[in-house]
Amino acid sequence: MTAYAGLDIGSRSIKLVVWQGGGVAASRRLPTTFDAVGQLRTLFAAGVPERLAVTGYGRELARELYPFARSVTEIKAHALGAGSLFPQAATLLDIGGQDTKAVSLLPGGRVGRFEMNDRCAAGTGKFLEYTATVFGLSVEDFGRLALTGDNPPTISSMCTVFAETEATTLIARGVSPANIALGLHKAVVSRTMAMLSRVGLAAPLAFVGGVARNPCMVRLLAEAADTPLLLPDEPDMTGALGAALWLRSVAP
Amino acid sequence: MSDAAHKAMWEALDLDIEAHDALLAVLGKFYGDIYMAQEGRLKGAEYLDFVLSEVHGLRIKELQDAKAAGKKIVGTFCVFVPEELTLAAGAVQVGLCAGAKAGTELAETLVPRNTCDLIKSFIGFKLARICPYTESCDLVVGETTCDGKKKAYEAFAELAPMHIMEVPQCKAPADRALFRAELVRYKEALEKLTGKAITAEALAEATRTVNAKRRALQRLSALRAADPAPISGRDALLVNQISFYDDPIRFTAKLNELCDEIEGRIAKGEGVAPAKTPRLLLAGCPMAVPNWKLPYLIESSGAVIVGEESCIGERNTRDLTDETPAGLEAMLDALCDRYMKIDCACFTPNDERLEHIAAMAQSLKADGVIHYGLLFCQPYAHEAMKVGKAMAAAGLPYLAIETDYGMEDAGQLKTRVEAFVETLA
Ligand code: SF4
Ligand code: SF4
């Protein structure tokens with residue numbers, strides 16, 4: 001039985017999904033670190049898959065290492081992955097380490113209109129990660145803390161650096177960390193909603209990417225979009241899954 | 001030209017030799033990666049390579065020789081400056097390119113930080129003393145188009161001899177009358193500069209020269225409707241870029257030769273990319289030399305660019321000046337008619353631009369349109385939205401990109417462009 005490997009090299013983590021015989025045969029995830037090449041060598045220590053599709057921001061790098069690999073953008077890969085998990089999904093939101101993408105889905109996980117943040121990290125996983133450090137918290141704990149807030153201040157700056165300054169000012173003014181955390185999450189959600197509306201947000205909405213693990217983001221987004229979200233069990237694996245499925249369709 | 005002769009010439013122009021060397025090194029590398037590495041290039045592209053390799057050499061030498069023979073050099077930033085008049089005055093017109101990040105920090109001492117890179121670039125080039133064209137100019141002509149430019153010219157006027165043309169923002173009879181008067185004022189400025197009166201004969205001849213150049217560029221655009229695409233968008237852009245500073249008569253002859261070669265290629269069904277490669281129309285802000293970032297990203301993402309709806313492209317070549325009127329006054333009327341057709345985003349309303357884009361996409365058989373806006377460029381940022389709606393109505397896939405001359409966003413841009421191309425396939 002032919003195996004199709006999808007490799008998604010993101011700014012934070014490297015994801016691998018192997019699709020074989022109509023299901024996921026293997027899936028792995030490891031941090032990208034500053035040495036992505038070394039990490040890939042570790043990942044493929046036992047051998048590089050014969051059929052390999054690469055996606056994510058490191059796809060060019062992977063193509064240098066594995067010239068036989070086929071490359072696909074993460075926008076298409078996530079759409080295909082989400083489309084296979086949730087055939088009913090009409091809109092896709094992917095918030096990863098450094099990019100946010102909103103995609104309107106056509107039947108079969110095909111891409112309609114899409115939006116992506118530009119060079120700036122505003123509204124991406126990086127924004128939350130960065131602001132979490134102000135509180136000396138991991139991103140996961142930061143999300144949990146935010147859930148306990150009840151009176152969030154409005155964070156007006158969407159610039160990652162200025163938002164940190166704003167948060168520091170709020171701390172000095174005695175606003176509780178939980179509320180500041182909630183305010184920061186809300187800022188990301190409102191930015192994201194603007195992107196979603198530009199592609200024509202339609203329910204059901206699938207939410208993927210590492211940030212979909214953040215419970216506060218999930219709750220706020222569901223409220224703002226006024227629809228329950230379709231959430232994969234492993235939201236950060238969608239791109240790798242989509243890449244594997246794409247490979248199967250283009251090179252069976 | 002020998003290296004020593006180059007250097008002596010640059011020193012005579014008071015360039016900052018070290019900074020200029022650095023600029024040329026970057027330009028050379030960039031050109032090699034983006035142009036020389038292309039496959040299936042036209043033979044006639046050798047001329048482009050040659051002109052570009054001598055962009056700061058032979059062409060500058062020609063300008064210096066012209067100056068020594070008493071000719072004046074006029075630098076421009078906008079397609080509203082009528083080359084017909086400049087040539088009729090016996091002067092040489094060069095477009096000042098401003099397509100690279102250079103002297104940014106210096107420029108930011110004269111213009112606000114949130115100014116588009118095109119403006120920062122021409123100010124930066126001047127302040128850093130690295131552009132031999134700017135330094136060769138006897139007169140620089142600015143125009144009141146966008147706010148960024150017109151205020152920047154106030155600062156620039158302290159550094160170089162300037163003439164400012166008022167370009168109206170609407171197209172009513174009163175606006176036409178204004179621009180008609182501005183043509184006269186520009187004519188007088190040229191006459192003062194050169195000490196010669198512009199005659200009807202000289203203007204008629206200059207009009208024929210400029211029209212011939214436009215016809216050759218139109219011929220090139222029309223040939224790009226062929227599938228497979230006979231020339232890369234990068235090379236076609238370069239042709240348009242060079243049209244702003246090369247000698248117009250020589251350029252026209254060379255371009256017609258290139259078009260002959262392209263016709264032969266089309267007859268044989270050959271192209272730079274296989275037939276059915278996704279074809280894109282690029283619309284928006286002008287891309288001055290060496291601003292090749294986006295075209296390169298697009299053409300390395302599995303698509304080919306078939307047209308440039310921009311001032312360095314169709315907006316500069318679409319309309320000819322009527323050659324039939326006799327007598328200076330009637331000829332100036334004809335010039336006014338021709339220039340007032342330009343569909344720059346600085347005008348309001350500017351709906352003809354939307355129609356032009358849709359028509360271009362159709363005649364060039366484009367599969368989609370990419371709008372390019374420079375960061376901080378208000379007029380084109382507004383129109384990017386309007387174009388988006390117009391393309392949706394025309395059923396054409398559309399992607400709007402806003403970027404600048406920096407390379408930091410190359411990765412993200414590539415993802416967006418590739419994803420857009422994927423949706424077309
Ligand atoms: S975009 Fe407008 S202002 Fe800029 S060069 Fe073109 S016509 Fe002139
Ligand atoms: S790109 Fe826009 S802001 Fe810059 S000079 Fe042209 S019209 Fe003005």
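A note on names: the letters A, B, ... follow the listed sequences, proteins ahead of strands, and every chain is numbered from 1. No experiment lies behind these values; they were computed from the predicted model shown.
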*Asks:* Within a reach of under 6.0 Å around CD of E352(B), are more than 12 heavy atoms found that belong to other residues, nucleotides or ligands?
*Replies:* yes

*Asks:* Which answer fits F114(A), side chain, backbone, both or neither, if we ask what part of it has an atom under 4.5 Å from a heavy atom of chain B?
*Replies:* side chain

*Asks:* Residues of residues 4-15 of chain A under 4.5 Å from chain B (heavy atom pairs)?
*Replies:* none

*Asks:* Report, by ascending residue number, the residues of residues 75-88 of chain A in heavy-atom contact with chain B at a distance under 4.5 Å; give 'none' if the set is empty.
*Replies:* I75(A), K76(A)

*Asks:* Which pair of heavy atoms, one from R416(B) and one from N117(A), lies closest together, and at what distance?
*Replies:* NH1-O, 4.4 Å

*Asks:* Please list, chain by chain and in numerical order, all residues satisfying ring pair (Phe, Tyr, Trp, His ring centres under 6.0 Å) with F122(B), sequence neighbours excluded.
*Replies:* F77(B), Y153(B), F156(B)

*Asks:* So does V72(A) get a backbone contact from the side chain of E422(B), meaning a donor-acceptor N/O pair under 3.5 Å?
*Replies:* no

*Asks:* Quick one, F420(B) and V111(A) - any side-chain contact, counting heavy atoms below 4.5 Å?
*Replies:* no

*Asks:* State which residues pass ring pair (Phe, Tyr, Trp, His ring centres under 6.0 Å) with Y35(B); sequence neighbours excluded, sorted by chain then number.
*Replies:* Y31(B), W292(B)

*Asks:* With a 6.0 Å cut-off (strictly less than), is the heavy-atom count around NZ of K151(B), excluding the residue itself, greater than 12?
*Replies:* no

*Asks:* Check this for me: F34(A), atom CZ, are more than 12 non-hydrogen atoms of other residues, nucleotides or ligands nearer than 6.0 Å?
*Replies:* no

*Asks:* What part of E60(A) gets closer than 4.5 Å to chain B, counting heavy atoms only: side chain, backbone, both or neither?
*Replies:* side chain

*Asks:* Can you say whether R59(A) sits under 4.5 Å from chain B via the side chain, the backbone, both, or neither, judging by heavy atoms?
*Replies:* side chain

*Asks:* By a 4.5 Å heavy-atom criterion (distance strictly below it), what part of L413(B) contacts chain A: side chain, backbone, both, or neither?
*Replies:* neither

